[in-house]
Amino acid sequence: MKFAFSEISLPKRGSLAVAIYADNAFSPTAKDVDKKSDGALTRALETSRFKGKKGDFLEIMAPAGLEVSRVVLFGLGEVEKLGQTDMETLGGSLVKRLNASGARSVTVILDELGADAIKTSEAAAAVAAGAMLGSYRFQKYKTDIDDATEPTLARMTVSCKGSATARKAFADMEALAEGVFLTRDLVSEPANTLYPESFAERCLELSDMGVHVEVLDEAKMQRLGMGALLGVGQGSRRDSRLVVMQWNGATAKKANRKPLAFVGKGVCFDTGGISITPAAGMEEMKWDMGGAGTVTGLMKALAGRKAKVNAVGVIGLVENMPDGNAQRPGDIVTAMSGQTIEILNTDAEGRLVLADALWYTQDRFKPEFMIDLATLTGAIIITLGHENAGLFSNNDELSEQLFEAGKAVGEGVWRLPMSDAYAKQVKSPIADLQNIGTGGRGAGSIVAAEFLQKFVNDVPWAHLDIAGMAWSKADKPTVPKGGTGYGVRLLDKFVRDNYEGK
Ligand code: BES
Ligand code: MN
Ligand code: ZN
């Protein structure tokens with residue numbers, strides 16, 4: 001789909017989308033169109049339940065007196081209350097509607113909104129961004145595409161006053177969306193094609209954008225002492241990898257500051273290992289690399305919009321398989337930190353991968369903070385469902401910043417407690433640590449976070465358990481079914497608001 005921005009004027013072809021406000025109050029453009037069509041909008045509203053609420057839509061086909069093929073009315077509700085995510089949702093919903101009815105192009109007209117939270121030009125950019133995010137599809141394995149159900153919409157023009165500003169704002173959002181799309185692509189890709197080595201190759205493609213990418217192989221990780229990560233991968237025919245991605249975009253003045261660090265769990269497939277999981281739903285574990293996918297997409301987004309920060313992304317890539325060389329329950333491994341870990345359940349593998357990835361990151365980069373993302377526990381889905389990621393942290397300020405960023409972009413996080421009482425649960429009687437808690441199924445997500453904290457060495461740290469967020473079974477306006485790309489927008493916003501321009 002192509003996007004363009006223009007000053008307000010009625011189009012001569014294609015579809016036209018105009019706003020109706022709360023209680024069917026006409027926007028200036030709606031008034032104009034109603035007049036030109038001899039009251040077609042007024043008549044249509046009289047015979048419909050459209051009330052001008054946010055999310056209301058009404059299509060009027062081929063109205064006399066106008067040159068366009070259809071007019072779509074969209075409700076905006078109380079305009080002063082509109083924000084970024086409302087406009088994105090509008091963009092995504094419009095695309096779905098227009099594709100369903102076969103439109104090829106649309107001009108969306110936004111008159112001055114006077115909203116408190118967003119300028120009209122930003123709102124215009126957000127409509128386009130939402131449309132872009134919502135029109136993503138993962139189609140590469142479909143060979144029997146049915147033209148009758150293919151999307152038709154190829155072009156969206158958003159018209160507003162100050163369209164040059166909108167165009168500029170959209171350029172950044174486009175870069176962000178490209179990052180989200182990379183995450184979605186990685187998350188949706190099956191494990192026979194996306195395994196540690198091929199994932200690392202996808203990361204290397206970011207070199208073209210100025211990201212410095214290093215790939216550590218097993219021999220190198222062995223030398224570094226990454227026994228926790230390597231133990232998880234040892235039952236797989238695929239070799240493990242650790243990828244380090246650096247984006248150095250800070251201005252000269254800030255170039256010497258500590259980098260921001262993002263760490264991702266990249267279990268390309270999680271069978272559970274010898275503690276194998278039941279067959280039903282196991283295919284979902286192709287997206288157990290969602291944390292690594294988000295970190296990779298974030299690096300692409302930061303590079304794409306030339307973010308003025310130094311950021312490092314570290315992802316631990318493994319495949320958790322049961323074979324003759326697989327790690328056994330009861331095995332004891334030594335992590336890079338020097339701590340020994342008794343493996344009581346080979347299915348609690350993500351924390352083992354992160355243990356070495358986190359330790360390596362703080363040891364090498366001495367970062368400002370570390371934020372890790374992981375599809376870490378089923379328990380977080382029981383706790384928070386698919387509405388928020390679990391947030392665990394040793395730092396209140398970092399937590400607050402993440403919460404605010406999540407609220408702003410509609411990618412929520414909710415903080416859960418941590419304390420010594422939980423931490424005790426991962427002490428082993430015969431090793432330093434054990435990889436599952438003593439408390440059975442209770443507080444599974446918290447206990448997992450406590451395990452991770454043993455490897456952060458007091459660096460400000462936050463852990464996002466995204467097991468409920470990386471994949472969606474439902475189609476939403478800006479998030480189609482499949483890999484969601486959750487976290488890219490959240491972290492981009494978090495970086496933008498707290499670490500750029502300061
Ligand atoms: N990858 C899973 C967690 C998961 C479950 C992610 C469902 C997404 C959807 C993780 O490796 C795992 O197996 N966790 C176990 C931990 C348990 C053995 C302590 C879990 O959550 O049951
Ligand atoms: Mn597992
Ligand atoms: Zn896992």
Side-chain angles (χ1 to χ4, degrees), residues 187-188 191 194-196 199 228-229 231-236 240 263-294 315-322 326-331 341-357 372-390 392 416 422 425-426 428 433-452 463-473 482-484 486-487:
V187 166
S188 295
L194 194 77
Y195 44 90
F199 194 139
L229 184 154
V232 175
Q234 78 186 31
S236 168
S240 303
V263 180
K265 165 179 172 179
V267 177
C268 295
F269 197 82
D270 180 13
T271 63
I274 296 299
S275 314
I276 198 163
T277 60
M282 200 199 272
E283 72 284 352
E284 296 204 349
M285 286 302 105
K286 75 169 183 183
W287 50 263
D288 207 19
M289 35 52 69
T294 298
I315 58 177
L317 302 173
V318 301
E319 188 181 50
N320 189 21
M321 299 288 272
Q327 167 159 274
R328 291 149 292 255
D331 283 4
I341 306 164
E342 186 184 13
I343 311 297
L344 293 181
N345 187 322
T346 65
D347 194 18
E349 85 298 336
R351 61 197 75 180
L352 298 167
V353 173
L354 286 173
D356 282 336
D372 79 70
L373 297 102
T375 50
L376 203 65
T377 65
I380 202 66
I381 308 176
I382 308 296
T383 312
L384 297 172
H386 304 285
E387 307 303 331
N388 287 284
F392 306 82
L416 289 163
Y422 295 111
Q425 286 201 35
V426 294
S428 158
L433 297 169
Q434 59 184 43
N435 78 328
I436 57 171
T438 49
R441 280 148 52 89
S445 309
I446 302 175
V447 171
E450 293 289 357
F451 183 90
L452 297 182
H463 155 58
L464 298 177
D465 193 336
I466 61 167
M469 307 306 288
W471 187 266
S472 176
K473 287 184 181 163
T484 61
Y486 174 93

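In this text the structure is predicted, and so the values were computed from the model without any measurement. Every number for a ligand or one of its atoms is a count from 1 in the order of the listing.
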Please report, to 0.1 Å, the donor-acceptor pairs under 3.5 Å made by any side chain of residues 278-287, with sequence neighbours excluded.
unit_1 : atom_1 : unit_2 : atom_2 : d
Glu284 : OE2    : Lys473 : NZ     : 3.2
Lys286 : NZ     : Ser188 : O      : 2.8
Trp287 : NE1    : Glu284 : O      : 3.0

For Leu354 against Gly264, the heavy-atom pair lying closest together: CD2-C, 3.9 Å
Contact with ligand 1 for Thr277, non-hydrogen, under 4.0 angstrom: no
Closest candidate by heavy atom, reference atom 11 (O) of ligand 1, pool Glu284, Arg351, Met285, Glu349: Glu349
Validation row: His463, Leu376 side chains within 4.5 angstrom (heavy atoms): yes
Heavy-atom closest contact (Gly468 atom, Ile380 atom, distance): N-CG2, 4.2 Å
Closest protein heavy atom (residue, atom, distance) for atom 2 (C) of ligand 1: Asp270 OD2, 3.7 Å
Closest contact, heavy atoms only, Ile466 versus Thr294: CD1-OG1, 4.2 Å
Charged N-O contact under 4.0 Å between Asp372 and Lys265: no
Interfacing atoms of ligand 1 (cut-off 4.0 Å, heavy-atom, Ala467): 6 (C), 8 (C)
Of Asp288, Leu352, Leu317, Thr375, the residue whose pairing with Val267 passes side chain to side chain contact (heavy atoms under 4.5 Å, CB included): Asp288
4.0 Å heavy-atom contact, Trp287 with ligand 1: yes
Nearest-contact summary for atom 19 (C) of ligand 1 - protein heavy atom, Å: Ile436 CG2, 3.5 Å
Ligand 1 atoms in contact with Asp288 (distance to a heavy atom under 4.0 Å): 1 (N), 11 (O)
Smallest separation among heavy atoms of Val232 and Gln327, with atom names: N-NE2, 4.0 Å
For the Mn ion (ligand 2), every protein N/O/S atom that sits closer than 2.8 Å, waters excluded: Asp270 OD2, Asp347 O, Asp347 OD1, Glu349 OE1
N/O donor-acceptor pair under 3.5 Å between Ser236 side chain and Asn320 backbone: no
Asp347 N/O to ligand 1 N/O under 3.5 Å: yes
Euclidean distance, Asp465 CG relative to Thr383 OG1, rounded to 0.5 Å: 8.5 Å
Nearest neighbour in protein (non-hydrogen) for atom 14 (N) of ligand 1: Leu376 O, 3.5 Å
Identity and distance of the protein heavy atom lying nearest atom 20 (C) of ligand 1: Gly378 N, 3.9 Å
Student check: side-chain heavy atoms of Phe392 and Ser445 closer than 4.5 Å: yes
Closest contact, heavy atoms only, Met321 versus Gly235: CB-O, 3.4 Å
Shortest protein contact, atom 18 (C) of ligand 1 (heavy atom only): Asn345 ND2, 3.6 Å
Ligand-side contact atoms (ligand 1) for residue partner Thr377, heavy atom cut-off under 4.0 Å: 3 (C), 21 (O)
Sub-4.0 Å heavy-atom approach of Met289 to ligand 1: no
For Lys265, the ligand 1 atoms whose distance to one of its heavy atoms is below 4.0 Å: 1 (N), 10 (C), 11 (O)
Tyr195: partners by ring pair (Phe, Tyr, Trp, His ring centres under 6.0 Å), with sequence neighbours left out: none
Heavy-atom check, side chain of Ile436 versus side chain of Val447, under 4.5 Å: no
Side chain, backbone, both or neither: Arg441 near ligand 1, heavy atoms under 4.0 Å: neither
Polar protein atoms near the Zn ion (ligand 3) [N, O or S; cut-off under 2.8 Å]: Lys265 NZ, Asp270 OD2, Asp288 OD2, Glu349 OE2
Short side-chain to backbone donor-acceptor contact, Thr346 and Pro329, under 3.5 Å: no
Shortest non-hydrogen contact between Leu229 and Ser240, atoms and distance: CD2-CB, 4.0 Å
